[in-house]
Amino acid sequence: MWSTGSRWPAETGISTLSKMDRCSAMSSNWRLSLWDSSDLTKMSTSAAWITYVNLLGTGHGPMSSSGGAQVRINAQVLGMGPQFKILVRIQNAGSTSLNDVPVHCTTNPNLYRIPKPCFFLPILVPQQVYLLEVPVACINENGGTASVRIFLASQHSHVPLISAVVQMPISEPPLLDF
């Protein structure tokens with residue numbers, strides 16, 4: 001029995017009903033075969049590894065190796081608000097020192113104020129950990145939350161050496177003076 005205009009045979013009502021009765025069993029069999037496949041596991045693992053390596057190369061992971069420099073960054077928020085400090089740890093994991101490294105901090109200007117958002121690190125000596133404190137003040141009386149982005153820039157490229165995204169906690173309301 002052939003339908004007009006198509007090369008595929010038309011389905012009978014009996015085969016459609018039998019597929020509808022067995023759809024959950026067919027779906028579970030398909031999912032099990034999908035998870036048991038070692039080829040799919042290898043493929044997803046290699047795709048995840050390639051993505052991670054690409055993130056490191058573009059400066060969006062915990063360590064960057066762009067431009068021959070190897071830099072690590074770690075950031076932690078201190079305080080409950082409305083005054084915060086972001087403690088930033090920066091390490092040059094390479095073998096040569098870096099000079100005059102620009103640091104840029106950006107955030108939502110309607111929610112937070114950073115007194116000095118741009119500054120320079122005079123030198124990053126290899127294998128030395130540098131601690132920076134970035135003060136952040138919540139200027140919205142209703143609180144709120146947003147992220148603060150910290151970029152270590154390169155003077156020789158438009159691509160940052162490395163970046164960190166710090167998710168800020170919800171700020172406590174400011175204390176009122178009586």
Side-chain angles (χ1 to χ4, degrees), residues 31 34-35 40-41 43-94 96-178:
R31 277 186 274 133
L34 187 67
W35 289 110
L40 185 64
T41 305
M43 186 171 60
S44 65
T45 304
S46 66
W49 181 251
I50 290 169
T51 304
Y52 181 70
V53 169
N54 288 339
L55 282 174
L56 290 180
T58 57
H60 297 292
M63 183 171 167
S64 171
S65 60
S66 63
Q70 294 181 349
V71 181
R72 292 183 181 142
I73 189 168
N74 184 356
Q76 177 183 5
V77 179
L78 303 174
M80 296 183 61
Q83 302 293 326
F84 297 99
K85 281 186 185 177
I86 299 177
L87 184 63
V88 182
R89 290 178 180 85
I90 299 171
Q91 181 182 13
N92 179 2
T96 60
S97 63
L98 299 172
N99 298 322
D100 296 325
V101 178
V103 178
H104 304 282
C105 303
T106 62
T107 188
N108 182 354
N110 297 325
L111 193 56
Y112 296 113
R113 183 177 58 82
I114 301 174
K116 193 175 176 186
C118 300
F119 54 92
F120 284 88
L121 295 175
I123 189 167
L124 289 178
V125 178
Q127 306 307 318
Q128 180 69 34
V129 177
Y130 295 88
L131 297 176
L132 304 173
E133 289 184 355
V134 179
V136 179
C138 182
I139 58 174
N140 190 336
E141 64 272 356
N142 296 328
T145 183
S147 59
V148 175
R149 299 175 189 273
I150 302 169
F151 300 98
L152 266 68
S154 172
Q155 293 182 345
H156 308 291
S157 173
H158 63 280
V159 177
L161 288 174
I162 195 165
S163 64
V165 179
V166 182
Q167 186 62 39
M168 299 295 289
I170 295 177
S171 175
E172 292 287 324
L175 297 174
L176 300 175
D177 292 332
F178 290 103

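If you read the sequence from its start, that first residue is 1, and numbering goes on from there. Note that the coordinates shown come from a computational prediction; the quantities given were computed from them, not determined experimentally.
A distance of 11.0 Å separates CD1 in I139 from OG in S171, rounded to the nearest 0.5 Å. Rounded to the nearest 0.5 Å, atoms SG (C138) and CD1 (I170) are 10.5 Å apart. In this structure, the separation between CD on Q76 and CG on L131 is 10.5 Å, given to the nearest 0.5 Å.
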For residues 79-90, run the donor-acceptor check on the side chains, cut-off 3.5 Å, and write out each pair with its distance to 0.1 Å, sequence neighbours left out.
unit_1 : atom_1 : unit_2 : atom_2 : d
K85    : NZ     : E133   : OE1    : 3.3

Can you give me every donor-acceptor pair (side chain of residues 112-129, partner residue at least two apart or in another chain, under 3.5 Å) with its distance?
unit_1 : atom_1 : unit_2 : atom_2 : d
Q127   : NE2    : A93    : O      : 3.2

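Between L98 and V101, the closest heavy-atom pair is CB-CG2, 3.8 Å. Across every non-hydrogen atom of Q70 and N92, the tightest pair is O-OD1, 3.2 Å. For C105 against V134, the heavy-atom pair with the smallest separation is SG-CG1, 4.0 Å. Residues A75 and V166 approach most closely at CB-CG2, 3.5 Å, considering heavy atoms.
Sorted by first and then second residue, the pairs that involve residues 143-153 and meet side chain to side chain donor-acceptor pair (under 3.5 Å), not counting sequence neighbours, are T145-Q167. Under the salt bridge (Lys or Arg N to Asp or Glu O under 4.0 Å) criterion, no residue pair touches residues 75-84, with sequence neighbours excluded. Each side chain to side chain donor-acceptor pair (under 3.5 Å) pair with one or both residues in residues 98-109, not counting sequence neighbours, would appear here, but there are none. Sorted by first and then second residue, the salt bridge (Lys or Arg N to Asp or Glu O under 4.0 Å) pairs involving residues 156-173 (not counting sequence neighbours) form an empty list.
Between N110 and N140, every side-chain heavy-atom pair lies at or beyond the 4.5 Å cut-off.
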